[in-house]
2 protein chains.
Amino acid sequence: MSNAQAPAPISRREQILREAARLFAERGFHGVGVDEIGAAVGISGPGLYRHFAGKDAMLAELLVGISERLLDGGRMRVAEGGESPEAVLRALIDGHIDFALDDRPLITLHDRELDRLREADRKRVRQLQRQYVELWVEVVREVYPVCAEVEARSAVHAVFGLLNSTPHLSARAGLLPRAATESLLKRLALGAFAAAADRDPLPAK
Amino acid sequence: MSNAQAPAPISRREQILREAARLFAERGFHGVGVDEIGAAVGISGPGLYRHFAGKDAMLAELLVGISERLLDGGRMRVAEGGESPEAVLRALIDGHIDFALDDRPLITLHDRELDRLREADRKRVRQLQRQYVELWVEVVREVYPVCAEVEARSAVHAVFGLLNSTPHLSARAGLLPRAATESLLKRLALGAFAAAADRDPLPAK
DNA sequence: GAGTGTGGTTAACGCCCATTAACCCGGCCA
DNA sequence: TGGCCGGGTTAATGGGCGTTAACCACACTC
């Protein structure tokens, strides 16, 4: 029942990637050595080179992978299309929240270690991120047509910052159960977008 | 007219700290060498050791400094007290936004490089951060008494993520003028808090 | 005008760490 | 049975980098 004839339900490679993601997120790309990554999966040191060209390659695969999955997920939700733009926006938010809660280390890496990539990989990741942002911007502008494009883009970035804040909560005591966190983040994000669209609710300081 | 008899309006030390902050934020603590920091202020390499005990000491001073200034600023605004809790919350948000926009590199460092500190410094910074969060939590709960404490705390963390998102905007084209960014971020933050307090606005998905 | 301290310099040391070399062993195919 | 090969091992190599040593020069005092 535990291991059927599934050939490699979780390959060595994936195992390494997951541990590397965790370690990179905890102590930074430069802060963790290959020996540590190896130790985390039970092999030691240079054994990793049987699976990856180098430390950089691991980071590249992680960042490209997460960017692709985010974009694919977003596109899927947009394509499915809800009954309304509001429904699509809610779906995007739900998806991003799931992602942030399921893959905390990757979310952390996502905006921390981008510059450690080689030029080509960095460009690719940035392009994927840009497309993901634009996906959101379009939906936001459908829901709130009054919102200017630059404003919508800034708001989207800000809401990403909000949704991606969950890693910071992990270390703190008194955390909410997962469902409550999801619900709260969703309300926060929707509230923020709604407020972005309200023109001049605070004319004076 | 350029340099009057002002003795040291900007000391070497401060100059080093500012450049170090910028570089650390750009490429990470481990990603920048002491030679680069030196070069950024016109001296080279080990000359820095006339001003700091080591690279770690620079980071420690930066992180402790920013944490103290954030907390002090927050306490000041709370002590001044507005006409209402709402006014205090708005003041806190304004202050944090100014900080985030004025000291982008420090904001970045703030939650990226904390673990590179020696135990003692890290504890101190964490304590300051915690006090700053609790300051906000109290004010938020005054404004929205319906909000549970854990929920308020999570919301505050999330809003910090939102407000601290500005560094991510810098590299992107089409940025808003500063005043517009301030106004937008403020609306987003207030909208998020307001939404956090609304109970069950989205019962079903 | 000698003496001292502050803020530099360059050269050298030593460690850490990614990567490579050389070797090894247990399955699998013929 | 014999050889290939995937996936390990430990040892060696080499570069980068934080830090220290040794030395220097100006400014300012006595």
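Order of the sequence lines sets the chain letters (A, B, ...), proteins ahead of strands, with each chain counted from 1. Because the structure is a prediction, the values reported are computed rather than measured.
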ask   = Does anything in residues 38-50 of chain B pair up under salt bridge (Lys or Arg N to Asp or Glu O under 4.0 Å), and if so which pairs, sequence neighbours excluded?
value = none
inquiry  = Enumerate the salt bridge (Lys or Arg N to Asp or Glu O under 4.0 Å) contacts for residues 53-64 of chain B, please, sequence neighbours excluded, ordered by first and then second residue.
reply    = B:Arg13-B:Glu61
Send over the distance from [X] [atom1] to [N] [atom2], rounded to a whole Å.
| X | N | atom1 | atom2 | value |
| --- | --- | --- | --- | --- |
| A:Asp56 | C:dC17 | CG | C1' | 13 Å |
| A:Leu48 | D:dG8 | CG | P | 9 Å |
| A:Phe29 | C:dC17 | CZ | P | 13 Å |
| B:Phe52 | D:dT20 | CZ | P | 16 Å |
| B:Tyr49 | C:dT10 | OH | P | 16 Å |
| A:His51 | D:dG6 | NE2 | C1' | 9 Å |
| A:Asp35 | C:dT20 | CG | P | 15 Å |
| B:Lys55 | D:dT19 | NZ | P | 8 Å |

key: ring pair (Phe, Tyr, Trp, His ring centres under 6.0 Å) contacts in which one or both residues fall within residues 89-131 of chain B, not counting sequence neighbours   = B:His96-B:Tyr132, B:His96-B:Trp136, B:His96-B:Phe160
remark   = Residues at least two apart in sequence or cross-chain that pass side-chain hydrogen bond (donor to acceptor under 3.5 Å, both in side chains) with B:Gln131, listed by chain then number, are none
What's touching nucleotides 24-29 of chain D from the protein side, N or O pairs under 3.5 Å?
none

Listing time: all N or O pairs from protein to nucleotides 10-14 of chain D that are below 3.5 Å?
none

key: Salt-bridge contact B:Asp98-B:Arg178 (side-chain N to carboxylate O under 4.0 Å)   = yes
task = Would you write the dot-bracket representation of DNA chain C, where each base gets (, ), [, ], | or . depending on whether it forms a Watson-Crick or G-U pair under 3.5 Å and with which partner?
result = ||||||||||||||||||||||||||||||
query = When you measure from every atom of DNA chain D, which of residues 112-123 of chain A have a heavy atom less than 4.0 Å away?
reply = none
key: Listed nucleotide nearest any side-chain atom of A:Ile43, set D:dG18, C:dA18, D:dG8   = D:dG8
message = Tell me whether B:Arg141 contacts the main-chain N or O of B:Cys147 through its side chain, where contact means a donor paired with an acceptor under 3.5 Å.
response = yes
inquiry  = I need the B:Glu113 CD to B:Asp115 CG distance, nearest 0.5 Å.
reply    = 8.5 Å
Listed by chain and number, what are the salt bridge (charged side-chain N to carboxylate O under 4.0 Å, His left out) partners of [X], not counting sequence neighbours?
| X | result |
| --- | --- |
| B:Asp72 | none |
| B:Glu142 | none |
| A:Arg75 | none |
| B:Arg124 | B:Glu68 |

ask   = Does CZ in A:Arg118 sit with more than 12 non-hydrogen atoms of other residues, nucleotides or ligands closer than 6.0 Å?
value = no
query = Is there side-chain contact between A:Asp111 and A:Gln129, with heavy atoms separated by less than 4.5 Å?
reply = no
ask   = In terms of side-chain heavy atoms, does B:Arg12 have a donor or acceptor partner in B:Gln15 at a distance below 3.5 Å?
value = yes
request  = Looking at every strand, decide which applies to B:Val32 at a 4.0 Å heavy-atom threshold: base, sugar-phosphate, or nothing.
outcome  = sugar-phosphate
ask   = Does D:dG6 have OP1 or OP2 sitting under 4.0 Å from an N or O in the side chain of A:Arg12?
value = no
